[in-house]
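Beneath this line is the structure, given in structure tokens, with notes to follow.
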Amino acid sequence: MRILVTNDDGIQSPGIAALAKALAAIGEVWIVAPDRERTAVAHAVTLHKPLRLHQLSSRTYAVNGTPVDCVNLALLKVMPKPPAIVVSGINKGVNLGDDVLYSGTVSAAMEGTILGIPSVAVSQEGQEAFRFEIGALYAARVTRLVLAHGLPEETLLNVNIPDRPRGGMRGVRVTCLSRRRFDNPIIEKLDPHGRKYYWIAGQRVSWSRSKDADHEAIEEGFVSITPIRLDSTHHGVLDHFRAWEPIMNRGIKKSQSLERRSRRTGQREA
Ligand code: MN
């Protein structure tokens, strides 16, 4: 049973080491990960420079690319056969709510899903120190369940671990994505020449306070597991926007019939 492990914190991160160690008890672990930190690159793909694979040991490779590059290279070039699962992480810091739109950790799992492999992203709450041994324990549990039962089509799991000692964990909760945004996200300062520069930073705030939200679960000491699907179509509003079709189509039918007529008569449209 082959397992692909990747991340966005880079191959040197203790988070990926803890994950690979825990998953080695379940299957044959292959690591293909960025050669440096690529946090918040989301679903970026490298198109304008060559990618290099740097083999560090028999089944461990560093790539000068993004997490999504790594998953593609691993599945299509590096591994002799596709893995049974892709596990991305363990990320330094949670990926809750809107974070999943920016996260390289989640995007790696998303890419695995796109390529038809059951995939899981694992992220951990913490500041300086991270209790990766606890995150790895839950990552291994989720991995075993996914290997045993599979995942629904087009669905990945986003797992987040609260920063608590093993005895302080309150359990596991299946959650929805919360809405989390940044307060004062852009910091303006002056450089030594007196010119303005900007730094994207700021404090995260949450304003969905529902019991089933991922953010609440972490705050209350639960491991959060959110099923995410690739299709982000808002099916509930399709009819609302279909009512716009005739307005946007105004004049189109007329010009199409004019075009047909001019084609029939062999004349060029003005
Ligand atoms: Mn990261």
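Order of listing sets the numbers, starting from 1, for every ligand and every atom in it.
- Not counting sequence neighbours, the partners of Asp99 by the salt bridge (charged side-chain N to carboxylate O under 4.0 Å, His left out) test are Arg180, Arg204.
- Within the protein, the number of N/O/S atoms found under 2.8 Å from the Mn ion (ligand 1) is 4.
- Residue pairs meeting the salt bridge (charged side-chain N to carboxylate O under 4.0 Å, His left out) criterion with at least one member in residues 71-98, sequence neighbours excluded: Asp98-Arg179, Asp98-Arg181.
- The closest side-chain heavy-atom distance from Arg170 to Glu220 is below 4.5 Å.
- In this structure, a donor-acceptor pair under 3.5 Å is present between the side chains of Thr175 and Thr226.
- The heavy-atom pair separating Val29 from Ala20 by the smallest distance is CG2-O, 3.8 Å.
- Applying the side-chain hydrogen bond (donor to acceptor under 3.5 Å, both in side chains) test to Ser232 and every residue at least two apart in sequence or in another chain returns nothing.
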